[in-house]
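Read the structure below first, then the notes.
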Protein chains: 2
Amino acid sequence: MAAELTLPADDALQPGALVAGPLYVEVKKRVMRSLMDGEWLQSSPIPSEAQLAQRYAVSVGTVRKAIGELVAERVLVRQPGRGTFVASHNRDYMLEAFFHIVDERGHKEFPASRLLTFRHGRADELSARFLRLAKDRRVFQFENLLHLQGRPVIFDRIRVPQAVFPDFDEGVFRQRDMTIFGLYQARYGVTVTRLEEWIRAANADDRVARLLVIKDDAAVLRIDRVAYTFDGTPVEFRERFVDTRSHAYLNALGMKKS
Amino acid sequence: MAAELTLPADDALQPGALVAGPLYVEVKKRVMRSLMDGEWLQSSPIPSEAQLAQRYAVSVGTVRKAIGELVAERVLVRQPGRGTFVASHNRDYMLEAFFHIVDERGHKEFPASRLLTFRHGRADELSARFLRLAKDRRVFQFENLLHLQGRPVIFDRIRVPQAVFPDFDEGVFRQRDMTIFGLYQARYGVTVTRLEEWIRAANADDRVARLLVIKDDAAVLRIDRVAYTFDGTPVEFRERFVDTRSHAYLNALGMKKS
DNA sequence: TTCGATTTGTTCGTATGTATT
DNA sequence: TAATACATACGAACAAATCGA
């Protein structure tokens with residue numbers, strides 16, 4: 001009989017197969033693996049639930065449970081009648097999922113971004129720790145000033161490992177017409193699914209004070225933020241300074257659906 | 001035949017009943033109503049899924065979907081083999097669900113609490129706005145100093161409406177052997193399910209500086225926090241000041257299960 | 001210790017509804 | 001209109017955890 005040379009590996013789960021936990025967890029893992037391997041592009045839907053059920057030889061309900069968890073984790077997005085897609089880091093998604101700075105009334109606004117500096121360098125102590133890199137590995141470092149309501153409110157110092165974004169470049173960054181995470185996703189196949197933000201109060205140094213147009217030593221929010229992919233690899237470290245005189249970091253716990 | 005005199009109203013959903021959206025949403029609403037009305041005590045399990053299915057005349061799967069959402073919103077907790085319970089605000093739950101202050105290594109610790117002041121008063125502008133009260137409604141105000149690793153790190157100024165906690169009292173507060181939210185729940189049937197935290201940088205005033213043992217005007221985290229019940233009623237407003245020299249507010253987005 | 005009853009967890013299959021193309 | 005895909009709802013069976021007799 002003919003060998004199926006170039007088809008994806010047969011993922012069928014045999015009835016007696018030795019899967020440790022529940023079946024849907026195994027299905028979830030395999031879906032994640034396909035995601036990481038880039039088998040499914042970000043622009044088109046992943047296979048339908050019926051197709052996945054056939055591929056893994058499980059019921060549709062089991063696939064739905066697996067997909068449902070990935071949707072809850074904001075890795076996938078379901079669209080009734082259309083299909084299921086990899087979450088795309090467009091502006092709306094970014095605002096809703098990852099951006100927490102609001103004005104006095106609690107309203108969010110997409111920030112206007114201005115690149116200040118861009119340089120090649122090596123990981124310092126702080127970024128090496130957060131990015132889990134050896135101390136002197138190559139990184140790109142760039143600084144970004146974000147405006148809200150026409151005024152500078154947020155100053156970002158960002159570091160990303162060269163190993164993850166090989167041909168990263170000032171031109172690449174400036175010419176993007178999407179969010180930074182959108183660029184990571186579209187150009188490097190790196191989808192950020194998890195953030196960790198360490199928030200402290202700090203005093204603005206000369207540079208931060210000048211950029212945010214506040215007094216020297218003024219109290220600012222300092223946020224050390226790490227972004228992770230599917231598999232838990234840290235892909236970006238960001239030091240963020242926020243002028244909270246007319247803005248705040250809003251965190252809502254135990255979200256309301258109804 | 002004998003009338004079932006004291007049983008709860010017949011909640012059966014007739015096949016042709018006019019429910020606006022999906023059935024499981026209607027079931028969820030009714031379960032929440034029973035929760036708010038205090039029909040199910042916090043110490044014993046709510047009716048089993050099979051019983052609820054019968055009560056509402058829907059399938060077990062539909063009940064499971066409704067309960068599942070309430071579990072995701074941390075209102076209920078499922079325990080295999082035992083039953084489903086109202087989330088109890090014990091120390092572990094509080095730490096895991098609502099407490100975000102960690103040490104340098106990211107570890108959480110249950111804070112030691114010391115009550116500083118307790119008085120009757122009337123809502124000022126800020127608390128009236130956050131608690132959605134008229135300006136001069138009666139409130140209880142108390143101040144609490146929290147220690148971590150033996151040192152004062154957090155200073156709380158808390159205000160709660162007298163209307164919600166009628167017989168609140170310094171003695172009641174001091175004699176509790178549980179978390180503050182646990183007290184709200186056990187004594188007043190008020191279960192907090194949602195928080196909103198507005199985080200800013202501020203300078204410590206005299207009092208805050210003295211209590212946290214830091215320099216006058218030192219940069220501290222200031223958190224304005226509102227706690228809500230099931231039905232969206234705000235029940236507590238808390239101004240919190242945090243010394244972030246050796247601690248941080250840690251926010252993790254897009255949580256990791258596996 | 002064992003056993004049986006209860007409760008939630010997982011998996012299957014099927015049918016129907018709704019949204020999109 | 002028809003086909004496709006996700007959403008809802010039902011029912012059934014077995015597994016795993018818990019608890020008390």
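Just so it is clear: chains get the letters A, B, ... in the order the sequence lines come, proteins before strands, and each one is counted from 1. Since the model is a prediction, treat every value here as computed from it, not as a measurement.
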Residue whose closest nucleotide on DNA chain C lies nearer the 5' end, A:T62 versus A:R82 = A:T62

Using the closest heavy atom to pick a nucleotide of DNA chain C for each, name whichever of B:Q79 or A:V63 lands nearer the 5' end.
-> B:Q79

Starting at atom [atom1] of [X], determine the distance to atom [atom2] of [N], rounded to an integer number of angstrom.
{"X": "A:F85", "N": "D:dA5", "atom1": "CZ", "atom2": "C1'", "result": "10 Å"}
{"X": "A:L76", "N": "D:dC6", "atom1": "CG", "atom2": "P", "result": "11 Å"}
{"X": "B:R78", "N": "C:dT6", "atom1": "CZ", "atom2": "C1'", "result": "16 Å"}
{"X": "A:Q54", "N": "C:dC12", "atom1": "CD", "atom2": "P", "result": "14 Å"}
{"X": "A:L52", "N": "D:dT4", "atom1": "CG", "atom2": "C1'", "result": "15 Å"}
{"X": "B:E49", "N": "D:dG11", "atom1": "CD", "atom2": "P", "result": "15 Å"}
{"X": "A:K65", "N": "C:dT8", "atom1": "NZ", "atom2": "C1'", "result": "11 Å"}
{"X": "B:E69", "N": "D:dA7", "atom1": "CD", "atom2": "P", "result": "12 Å"}

Any side-chain heavy-atom pair from [X] and [Y] closer than 4.5 angstrom?
{"X": "A:R74", "Y": "A:E96", "value": "yes"}
{"X": "A:I199", "Y": "A:Y249", "value": "yes"}
{"X": "B:R187", "Y": "B:M178", "value": "no"}

Can you identify which nucleotide, out of [options], has its nearest atom closest to the [X] side chain?
{"X": "A:R64", "options": "D:dA7, C:dC12, C:dT8", "result": "D:dA7"}
{"X": "B:S48", "options": "C:dC12, C:dT7, D:dA7", "result": "C:dT7"}
{"X": "B:L23", "options": "C:dT8, C:dG13, D:dC10", "result": "D:dC10"}
{"X": "B:S59", "options": "C:dG13, C:dA19, D:dC10", "result": "D:dC10"}
{"X": "A:P22", "options": "C:dT10, D:dT8, D:dC6", "result": "C:dT10"}

The residue among B:F142, B:Y184, B:F140, B:F173 that forms ring-ring contact (aromatic ring centres under 6.0 Å, His included) with B:F165 is B:Y184

Report, one line per pair, each donor and acceptor closer than 3.5 Å where one atom sits in a side chain of residues 83-91 of chain B; sequence neighbours left out.
{"from": "B:H89", "atom 1": "NE2", "to": "B:V192", "atom 2": "O", "distance (Å)": "3.2"}
{"from": "B:N90", "atom 1": "OD1", "to": "B:D92", "atom 2": "N", "distance (Å)": "3.3"}
{"from": "B:N90", "atom 1": "OD1", "to": "B:Y93", "atom 2": "N", "distance (Å)": "2.8"}

Complement of C:dA5, any strand, by Watson-Crick or G-U distances under 3.5 angstrom = D:dT18

Heavy atoms under 4.0 Å, any strand shown: does A:G61 hit a base, just sugar-phosphate, or nothing?
-> nothing

